[in-house]
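Working notes, structure below.
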Amino acid sequence: MGKGKVWNSFEEAVADIKDGDTLVVGGFGLCGIPEKSIAALVQRGTKDLTVISNNCGVDDWGLGLLLANKQIKKMIASYVGENKIFEQQFLSGELEVELTPQGTLAERLRAGGAGIPGFYTATGVGTPIAEGKEEKVFDGKEYILEKGIVADFALVKAWKADKLGNLVFKKTSRNFNPLAAMAGKITIAEVEEIVEVGELDPDHIHTPGVFVQRVLLGGTYEKRIERLTVKKGDA
Amino acid sequence: MADTRQRIVNRAVKEIQNGMNVNLGIGIPTLVANAIPSDYDVLLQSENGLLGIGPYPVEDAVDPDLINAGKETVTAVPGASFFDSAESFAMIRGGHIDLAILGGMEVSETGDLANWMIPGKMVKGMGGAMDLVVGAKRVVVVMEHVNKNGESKIKKQCELPLTGKGVVHRLITDLAVFDFTDEGMQLIELAEGVTLEEVKEKTAASFSVSLNG
C-alpha cells in the first residue's frame with residue numbers, strides 16, 4: 001500500500017483554498033474543531049471566506065482566530081454568542097451573518113453532500129427564519145424549504161483515520177464533522193492517529209474514505225475546554 | 001431568586017416520566033436533571049450528539065471530547081450513544097424525543113415562544129431551540145412569571161421574534177402552571193401560597209381557569 005491520501009504538510013494541504021472560497025468546518029463549540037487546518041489558514045491569510053460552522057469559536061481560539069485576522073466575509077452558523085470580535089464585526093457591517101437553526105444546518109450539510117438540493121422542514125415556521133422561503137403544506141402542517149449546502153472545501157477533525165481516509169470519531173467530538181466531510185468538494189481531515197489500511201474494523205468506520213480527499217496527522221491537540229464543569233466532593 | 005428557580009425546578013421534574021427520552025435546555029432546565037428520581041430509566045439527550053448524559057465528571061475524568069450542548073464537560077451513562085448532528089436532529093425533528101424542557105423570554109396565550117433574540121442587542125443565535133420546539137413530542141417551557149421590572153412575560157402576543165408558533169404544550173412559572181389547548185390557555189395549577197388574584201394581576205395573556213381540587 002502506498003501513501004494513499006496522506007499529506008504531510010498542513011501548509012500545502014490548505015494552499016489551494018482561494019480568497020472568496022466557501023468552507024464548511026466541523027466542530028461544536030471548541031469540541032472536535034480542526035485546530036491545525038485553522039492555524040494553517042491563519043498563517044496563509046486566505047481572505048473573504050464564507051465559513052459554515054455551527055459556532056465561530058471564541059475570541060482567541062478556533063474560528064475566532066480567522067475572524068480576528070479578518071479573513072471571514074460571511075458566516076453561516078446557529079449560535080455565535082461566545083465571541084466579542086464577532087459582535088463587533090457584525091455590528092459594524094464588516095461581517096455578513098446568516099443564522100440557521102442547528103438541526104437545519106446539519107441537514108443542509110447532509111443534504112448537500114447527499115445530492116439533495118433542498119428539503120422541507122417545520123423548523124422556523126412562523127419565525128424570522130421563514131422570511132423569503134417557500135412554504136408548503138403536507139398533511140395539513142406547514143413547512144419551509146431549506147437548501148442543501150455544498151462547499152469548496154471541508155475542514156474536519158477525527159480521532160483516527162486510515163491512509164484511505166476512513167474516519168473514526170471520538171465521543172461528542174463527532175458532531176458536525178461527518179456532515180462537513182460529506183458537504184465538501186475537497187475534504188481535509190486532520191486526525192490524532194493514522195493507521196494502516198485494514199487496521200480499522202469496517203463495521204466501526206463512521207465516515208467512509210470516499211468523502212475524504214486529504215488526511216493529515218495533527219500530532220498534539222490543545223483541545224481547549226469552553227466550560228470546565230466537575231463533580232465536587234465524592235470522587 | 002434561588003428560591004424561585006428551585007420552585008420551578010421542583011415542579012418541572014414532575015413532567016418527566018420513567019422511560020422517557022428528554023432534552024433539557026440551558027439554564028433552569030439543566031437544573032431539572034439533578035431532581036430526576038434515581039430509580040428512573042430516563043435518557044437525557046444533548047443536541048451535539050449524546051443520548052444518555054451523565055453527571056459532571058470528577059476532575060481526573062474530564063474529557064474535552066465529551067461535552068453537552070451548553071459546552072460543559074459531562075460524562076455518559078451506561079447505555080448512552082454518540083452520533084452526529086444530523087442524526088441528533090433526526091431524533092428531535094422526527095418526534096423521537098418525548099419531552100423538551102426549555103427556558104423562555106416570552107410566551108403568548110396561543111403558545112408561541114420567544115427565547116432566542118432581543119433586537120437591538122447582540123444576537124446570539126437560536127442553536128437547536130427552533131428544531132426542538134417543532135420536533136419534540138411535548139414542549140414544556142419553564143420561566144419566571146414576571147421580568148426584573150415586574151412585567152408579565154406571558155403576553156397576548158410575543159413582542160420578541162419567535163422561536164416557534166403555537167408550539168408550547170405547558171408553561172411552568174414560579175407562580176402557576178398553564179396548558180395550551182384547542183380551547184386556549186388554561187390555568188391548571190397555582191404554586192403553594194399563590195392566589196388566583198395574584199396570577200391574574202401578573203399575567204398579560206387571557207386564560208381560563210381549570211384548577212382541580
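Rounding to the nearest 0.5 angstrom, the gap separating the CD1 atom in B:I67 from the CD atom in A:E226 is 7.0 Å. Here the CD1-CE distance, from A:I129 to B:M130, works out to 4.5 Å after rounding to the nearest 0.5 Å. Atom CG of B:L132 and atom OG1 of A:T123 lie 9.0 Å apart (nearest 0.5 Å). With rounding to the nearest 0.5 angstrom, the CG atom of B:L50 is 11.0 Å from the CZ atom of A:R174. Interatomic distance, B:M117 CE to A:T127 OG1, rounded to the nearest 0.5 Å: 10.5 Å. Distance CZ/A:F28 to OG/B:S88: 9.0 Å, rounded to 0.5 Å.
In this structure, A:V230 and B:V58 have side chains that are not in contact, with every pair of non-hydrogen atoms separated by 4.5 Å or more. Between A:L228 and B:V62, some side-chain heavy-atom pair lies under the 4.5 Å cut-off. Considering only heavy atoms from C-beta on, A:L99 comes within 4.5 Å of B:W116 through its side chain. Contact of the B:V134 side chain with the A:V125 side chain is not registered, since no non-hydrogen atoms from C-beta on lie closer than 4.5 Å. No side-chain heavy atom of A:E107 sits less than 4.5 Å from a side-chain heavy atom of B:F89.
Top candidate by heavy-atom pairs under 4.5 Å with chain B, chosen from A:L30, A:L109, A:T100, is A:T100. With chain A as partner, the option from B:L162, B:N68, B:D65, B:D63 having the largest number of non-hydrogen pairs under 4.5 angstrom is B:D65. Most heavy-atom pairs under 4.5 Å with chain A, from the set B:M126, B:R93, B:E59: that is B:M126.
Within a 6.0 Å sphere centred on CG of B:N149, heavy atoms belonging to other residues, nucleotides or ligands number more than 12. Annotation for A:E135: atom CD counts as buried by contact number, over 12 foreign heavy atoms lying within 6.0 Å. More than 12 heavy-atom neighbours from other residues, nucleotides or ligands sit within 6.0 angstrom of NZ on B:K71. In B:D182, the CG atom is not crowded: 12 or fewer heavy atoms of neighbouring residues, nucleotides or ligands sit closer than 6.0 Å. Other residues, nucleotides and ligands place more than 12 heavy atoms under 6.0 Å from the NZ atom of B:K156. Other residues, nucleotides and ligands place more than 12 heavy atoms under 6.0 Å from the CD atom of A:E98.
For A:P178, the part lying near chain B is the side chain, with the backbone staying farther off; criterion is any non-hydrogen pair under 4.5 Å. Contacts of B:D60 with chain A are absent, with no heavy-atom separation under 4.5 Å from either backbone or side chain. Contact annotation for A:N54: neither backbone nor side-chain heavy atoms come within less than 4.5 Å of a heavy atom of chain B. Interface remark: B:L66 contributes backbone and side-chain atoms alike to the contact with chain A (heavy atom separation under 4.5 Å). Interface residue B:A69: backbone and side-chain heavy atoms are both found under 4.5 Å from chain A.
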With side chain to side chain contact (heavy atoms under 4.5 Å, CB included) as the criterion, how do A:N175 and B:D84 come out once you've worked through the C-alpha distance, each side chain's angles and the decisive distance to 0.1 Å? CA-CA 4 Å; A:N175 55 60; B:D84 69 47; over 6 Å; no
For a side chain to side chain contact (heavy atoms under 4.5 Å, CB included) check, start with the C-alpha distance between B:K124 and A:V80, then their side-chain angles and the critical distance, and finish with the verdict. CA-CA 5 Å; B:K124 289 177 187 295; A:V80 291; 5.5 Å; no
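In this structure, A:R110 and B:A86 approach most closely via the heavy-atom pair CD-CB, 3.9 Å. Pairing each heavy atom of A:F176 with each of B:S85, the nearest pair is CD1-OG, 3.2 Å. Across every non-hydrogen atom of A:I225 and B:P64, the tightest pair is CG1-CB, 3.8 Å.
Looking at A:T172, its side chain never comes within 3.5 Å of a backbone N or O of B:G49 through a donor-acceptor pair. Between the side chain of B:D131 and the main chain of A:G103, a donor-acceptor pair closer than 3.5 Å is present. Between the side chain of A:T229 and the main chain of B:E72, no donor-acceptor pair closer than 3.5 Å is present.
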